[in-house]
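Working notes for the structure below.
Along the sequence shown, residues carry numbers from 1. As the structure is a prediction and not an experimental result, all values here were calculated from the model. We count ligands from 1, going down the list as the structure has it; atoms in each ligand are counted the same way.
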Amino acid sequence: MNAITNHLPTAELQALDAAHHMHPFTANAELAEKGARVITRASGITLTDSEGNEILDAMAGLWCVNIGYGRDELADVAARQMRELPYYNTFFMTTHAPVIALAAKIAELAPGDLNHVFFAGSGSEANDTNIRMVRHYWAEKGKPTKSVIISRNNAYHGSSVGSGSLGGMSGMHAQGGLPIPDIHHIEQPHWWAEGGDMDPEEFGLLRAQELEKAILELGEERVAAFIAEPVQGAGGVIVPPASYWPEIQRICDKYEILLIADEVICGFGRTGNWFGCQTMGIRPDIMTIAKGLSSGYAPIGGSVVSDDVAAVIGAGEFNHGYTYSGHPVAAAVALENLRILEEEGIVDHVRDVAAPYLKEKWEALADHPLVGEAKIVGMMGSIALVPNKDSRAPFAEAGTAGFICRERCFANNLVMRHVGDRMIISPPLVITPAEIDVLISRARKALDECYAELQKRDLLNAG
Ligand SMILES: *Cc1c(COP(=O)(O)O)cnc(C)c1O
């Protein structure tokens with residue numbers, strides 16, 4: 001069975017997939033009926049499937065392939081590292097060059113005094129580290145009652161028991177006994193869906209002040225940290241009003257609450273700076289990193305922490321770690337990815353070329369009859385599909401328009417994702433203006449076809 005190749009007929013691959021492979025976040029029985037799309041290779045921003053379709057990947061995989069597909073340098077580095085030292089741990093008072101170099105590089109790129117990295121295999125693992133680390137931090141400082149971590153509804157912080165608890169996805173909390181104790185959720189700064197008649201800035205301030213309310217209700221002596229994505233990703237690329245983050249920072253400062261910026265999507269250039277906290281003007285004590293750290297070429301994540309947090313945690317033994325913390329092959333691949341990002345000026349390309357161009361084209365989608373608003377920060381954007389452009393009322397049948405639109409995107413060789421009735425993009429950072437034109441024209445075609453289908457099926461009704 002080790003000879004399964006792309007050369008098998010698609011139907012045969014799909015049948016084996018359906019028989020043995022359980023897909024994440026998928027109704028597997030339904031997928032088995034339909035057959036999974038088989039992706040065979042990729043280059044630049046383009047995926048190829050087993051039927052020979054060439055698909056523009058406007059999601060960069062799952063928000064991660066920031067430098068694009070097919071960079072041989074990363075493959076070469078991985079092969080070299082596998083031959084030299086494929087694995088060694090960092091538990092036994094031991095270390096190795098790739099993890100040393102990567103930690104030093106991340107410390108150099110990270111803002112302020114975020115100078116120390118605890119490595120993990122993924123973003124979920126890194127956020128599990130953060131839960132234990134902030135609680136242990138306060139215990140070490142003689143305040144063991146400070147154990148509550150405040151997060152937000154509709155946040156995404158991963159899928160493990162801990163990180164899934166931090167997240168605010170109701171569908172996840174409904175399965176498997178989440179959340180764990182001492183995680184508290186406040187409302188999100190999602191003006192479009194929840195702002196009612198309020199002015200967006202006023203609403204942003206109100207939602208930030210929920211943090212202060214929660215701290216006062218729970219008691220300052222109970223609260224350890226606040227965690228948030230600078231821009232919510234999986235929740236639907238929710239761009240907070242400008243008033244939101246400064247108020248959150250003020251509240252964290254006032255009550256000395258640790259601020260954790262989950263930079264798993266925003267980090268490494270996506271918002272037009274190295275980190276989303278720089279774009280939003282905040283000073284986290286801890287950053288969660290993964291995804292763009294290796295552009296998805298190897299699984300790796302981590303917690304980047306301040307001098308203060310590192311000193312407190314490091315004073316004794318922190319009983320925590322993963323077999324693959326600082327895996328040498330993943331670390332070498334991530335380091336090579338960061339070299340490419342830096343030497344090729346990819347973050348500058350985002351800020352000066354790709355993001356301004358994409359912003360203009362993306363925001364112009366708001367003139368489409370199906371699009372209520374178009375939001376974008378750097379290279380992450382969303383559009384709200386609406387039954388009626390003149391109001392912000394949602395569809396009567398929530399999620400169907402988004403699903404149809406995503407199917408029409410695929411049919412037009414474009415990957416966009418839908419979150420309910422929001423369509424979202426997060427293309428590779430290396431995308432060129434000419435490729436952005438292709439992305440937008442396929443998106444418009446998909447929107448037109450979606451609109452026609454909604455009309456035909458009489459689904460253009462507000463709820
Ligand atoms: C994807 C994601 C995670 C989880 O990362 P995994 O590598 O999938 O475990 C955590 N936080 C954010 C903001 C993410 O987008």
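- For a threshold of 3.5 Å applied to N or O pairs, the pair formed by Lys291 and ligand 1 contains at least one separation below that value.
- Residue Tyr156 places a heavy atom less than 4.0 Å from ligand 1.
- Close approach of ligand 1 to Gly123 (heavy-atom distance below 4.0 Å) involves ligand atoms 4 (C), 5 (O), 6 (P), 7 (O), 9 (O).
- Between the side chains of Asn153 and Gln188, no donor N or O sits under 3.5 Å from an acceptor N or O.
- Annotation: Ile265 places no N or O atom under 3.5 Å from an N or O atom of ligand 1; distance criterion only.
- At a threshold of 4.0 Å, the pair Arg339-Glu336 counts as salt-bridged, since one of the basic side-chain nitrogens sits closer than that to a carboxylate oxygen.
- Taking all atoms of both residues into account, the shortest heavy-atom contact from Ile424 to Met59 is O-SD, 3.5 Å.
- Near Asp262, meaning under 4.0 Å from one of its heavy atoms, ligand 1 places the atoms 10 (C), 11 (N), 12 (C), 13 (C).
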| field | Intermediate values then yes/no, salt bridge (Lys or Arg N to Asp or Glu O under 4.0 Å), Glu210 and Lys213 | value | CA-CA 5 Å; Glu210 283 206 12; Lys213 255 179 37 203; 5.2 Å; no

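- Among Thr432, Leu56, Asp57, the one residue that satisfies the side chain to side chain contact (heavy atoms under 4.5 Å, CB included) test with Ile45 is Leu56.
- In this structure, Arg392 is positioned above the aromatic face of Trp191, its NZ or CZ under 6.0 Å from the six-membered ring centre and within 45° of the axis.
- Within ligand 1, the atoms closer than 4.0 Å to a non-hydrogen atom of Glu229 are 13 (C), numbered from 1 in the order shown.
- Using a 4.0 Å cut-off to heavy atoms of Ser124, the atoms of ligand 1 that qualify are 4 (C), 5 (O), 6 (P), 9 (O).
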